[in-house]
Each structure stands twice: as C-alpha cells, then as structure tokens.
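In listed order, ligands and their atoms are each counted from 1.
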Amino acid sequence: MSVHAEQKPWTVPALAEAKRQGRRLAMLTCYDAGFARTLDRNGVDLVLVGDSLGMVVQGHDSTLPVTVADMAYHTAAVARVLRQALLVADLPFQADATPERALDAAVALLRAGAQMVKLEGAGPKLEVIRFLTERDIPVCAHLGLTPQSVLKLGGFKVQGREEAAAARLLEDARAVAAAGASLLVLECVPTGLAQKITAAVDIPTIGIGAGPHCDGQVLVLHDFLGLDSGHRRPRFVKDFLAEGGSVAGAVRAYVEAVHNGTFPDAGHAYA
Ligand code: KIV
C-alpha cells in the first residue's frame with residue numbers, strides 16, 4: 001500500500017500544529033534518491049540527510065570529515081524525488097562555527113532542496129540559530145549526544161544522566177526553542193529527561209535513543225534496515241526489515257509504530 005495520495009506535503013508550520021494535535025512524527029535518515037522515494041511514498045513525515053553519511057556511506061569513524069559539498073550532493077539527490085516528506089539537512093562539522101559561515105552553508109543546502117537545516121549544540125550556537133531563523137531559514141536543533149562533539153565527549157555515550165547535566169540539557173532545550181528553532185532532535189537521553197524536555201518546549205522533539213515520550217522518532221536508515229555499519233549497534237536501534245519483510249514494508253511498519261507510540265518500547269530506550 002502506498003500512502004502517497006493521502007498525505008499533504010509537510011510544511012514547517014504544520015510540524016508545530018502536529019505537536020498541538022498530539023500527532024507523532026516519523027523521521028528517517030536518507031542519502032539517495034532510490035531510498036528517498038520509498039520513504040516518501042510509504043508515509044515517512046520527515047527525511048533527514050544526516051552527516052551520519054560520513055559513517056554509513058563514506059565509511060569514516062565519525063561525522064567530522066563530512067563537508068558542505070558532500071551534504072549538498074546527497075541533499076539534492078534526495079530532494080529530487082520527495083513529494084510529501086519535509087527535508088532536513090545537516091550543517092556539517094564547523095560549517096556553523098560562525099553565523100556567517102552557517103548562512104553560506106545553509107543557503108547551499110536550501111538551494112540543493114532542503115527545507116530546514118539541522119545543527120548541533122546550544123551555547124554559542126544560539127546566536128547561529130537566531131541569525132538563520134531571522135533570515136527565514138528554518139532550523140532543527142540537536143541536543144544530547146551530539147556526534148560532532150565526539151572527541152570532546154570521549155565517545156558516543158548517553159547524555160544527561162547526572163542531575164546537573166540533565167538540568168543543563170533542559171535549559172539548553174528551552175534556549176534553542178526561544179532562539180527560533182522549529183524542531184529539536186534529542187539523541188541518547190534518558191526517557192524521563194526527554195519527557196520533561198518535550199513537555200517544556202512548544203516545538204516538536206524528535207527522539208533517537210530518547211524514549212517513547214518525544215513528539216517523533218528518527219533512526220539512521222542503515223540501522224533501521226539492520227545493515228552492519230561496522231559500529232556497535234546501539235540499544236535503541238530496531239531492525240524493521242526483519243519485521244516488515246521488504247524495504248517498503250519496513251518503512252510502513254516503522255511509520256505505524258512511531259505514529260501509534262509502540263516504538264520505541266523500554267527495550268529500545270535508556271532509563
Ligand atoms: O546525522 C544524523 O543522521 C543525525 C541523526 C542521528 C539524528 O543527526
């Protein structure tokens with residue numbers, strides 16, 4: 001079954017409306033036109049061209065080597081075939097180091113077809129979020145485990161477990177929303193903290209390893225299909241291909257599980 005005919009194209013204002021209506025959002029990463037068509041025609045609400053492409057497509061150990069040109073290339077390939085899903089693209093490592101650099105990179109990604117850019121962190125990034133959104137560029141913030149900070153963090157680890165770190169994350173979430181972000185990805189955050197953050201901000205939260213109480217979920221495409229990425233498989237990953245029987249079936253199973261709140265369960269979250 002294709003849900004193509006039933007869903008209007010997603011817009012940025014429609015995301016906030018979805019949160020107000022309690023409608024959950026299903027997002028997957030994607031890097032090429034073939035998969036993008038399957039995601040789009042089978043009910044995925046948001047597609048993320050993530051800089052995770054550095055790891056799952058290019059074979060690097062981190063996202064740090066990814067460039068704006070890489071992101072624009074993959075964004076354009078995905079954008080060509082999307083009809084309904086909203087397209088978000090990552091600003092890669094240090095492309096958002098200053099507001100001016102971020103604007104140049106964001107313009108390149110919007111020209112490639114993105115409808116929103118994602119950037120990691122708060123603190124100095126708040127000025128960048130304000131700068132972009134004041135210039136009509138929608139921004140998705142990303143807090144918790146921010147993979148571009150892997151060297152500083154010392155690895156890909158759950159964030160916000162200690163009281164002080166949890167309080168800082170909550171404060172950062174309020175700050176990115178106040179700075180103008182339209183969406184907030186929470187990665188590898190304990191379930192209770194993600195729930196608190198989701199209640200505290202009026203923009204949709206999209207969890208990845210952040211429990212079932214976020215307003216939506218995202219998975220990396222290769223993880224969701226059970227492909228061996230050469231990296232340890234995190235607890236929150238579920239192989240939907242095993243359940244769906246085909247790529248299109250896996251997408252439909254994922255979208256349904258996110259929409260009805262059965263994914264993630266406690267076995268795919270951090271307490
Ligand atoms: O780059 C990416 O794929 C991401 C997701 C893990 C949210 O940022």
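In terms of polar-atom proximity, defined here as any N/O pair under 3.5 Å, Asp51 does make such a contact with ligand 1. The distance criterion of under 3.5 Å between nitrogen or oxygen atoms is not met by Glu120 with respect to ligand 1.
The closest side-chain heavy-atom distance from Gln217 to Pro264 is below 4.5 Å.
Applying the 4.0 Å criterion to heavy atoms of His142 picks out, from ligand 1, the atoms 8 (O). Applying the 4.0 Å criterion to heavy atoms of Gly50 picks out, from ligand 1, the atoms 1 (O), 2 (C), 3 (O). Heavy-atom contacts of Asp90 reach the following atoms of ligand 1: 1 (O), 2 (C), 8 (O) (cutoff under 4.0 Å). Close approach of ligand 1 to Glu187 (heavy-atom distance below 4.0 Å) involves ligand atoms 6 (C). Within ligand 1, the atoms closer than 4.0 Å to a non-hydrogen atom of Ile208 are 6 (C), numbered from 1 in the order shown.
Contacts with ligand 1 closer than 4.0 Å are made by side-chain heavy atoms of Thr29 only, the backbone lying farther away. Residue contacts with ligand 1 for Thr63 are absent, since no atom lies close enough (heavy atoms, distance under 4.0 Å).
Under a hydrophobic clustering in which Ile, Leu, Val, Met, Phe, Trp and Tyr are joined whenever their side-chain heavy atoms come within less than 4.5 Å, directly or via other members, Val68 and Val66 fall into different clusters.
Tyr254 places a side-chain N or O within donor-acceptor distance of the main-chain N or O of Met27, the cut-off being under 3.5 Å. Listed for the Asp265 side chain is a donor-acceptor partner under 3.5 Å among the backbone atoms of His268.
Salt bridge Arg233/Asp223: absent, no basic N to carboxylate O contact under 4.0 Å. The residues Arg23 and Glu17 are annotated as not salt-bridged, no charged nitrogen and carboxylate oxygen being separated by less than 4.0 angstrom.
Atom 3 (O) of ligand 1 has as its closest protein heavy atom Ser52 OG, 2.5 Å. In terms of protein heavy atoms, atom 4 (C) of ligand 1 is closest to Leu48 CD2, 3.6 Å.
For Lys118, the heavy-atom gap to ligand 1 drops under 4.0 angstrom.
Annotation: cation-pi pair Lys238/Phe240 present, NZ/CZ under 6.0 Å from the ring centroid and within 45° of its normal.
For CZ of Arg111, the number of neighbouring non-hydrogen atoms (other residues, nucleotides, ligands) closer than 6.0 Å is 12 at most.
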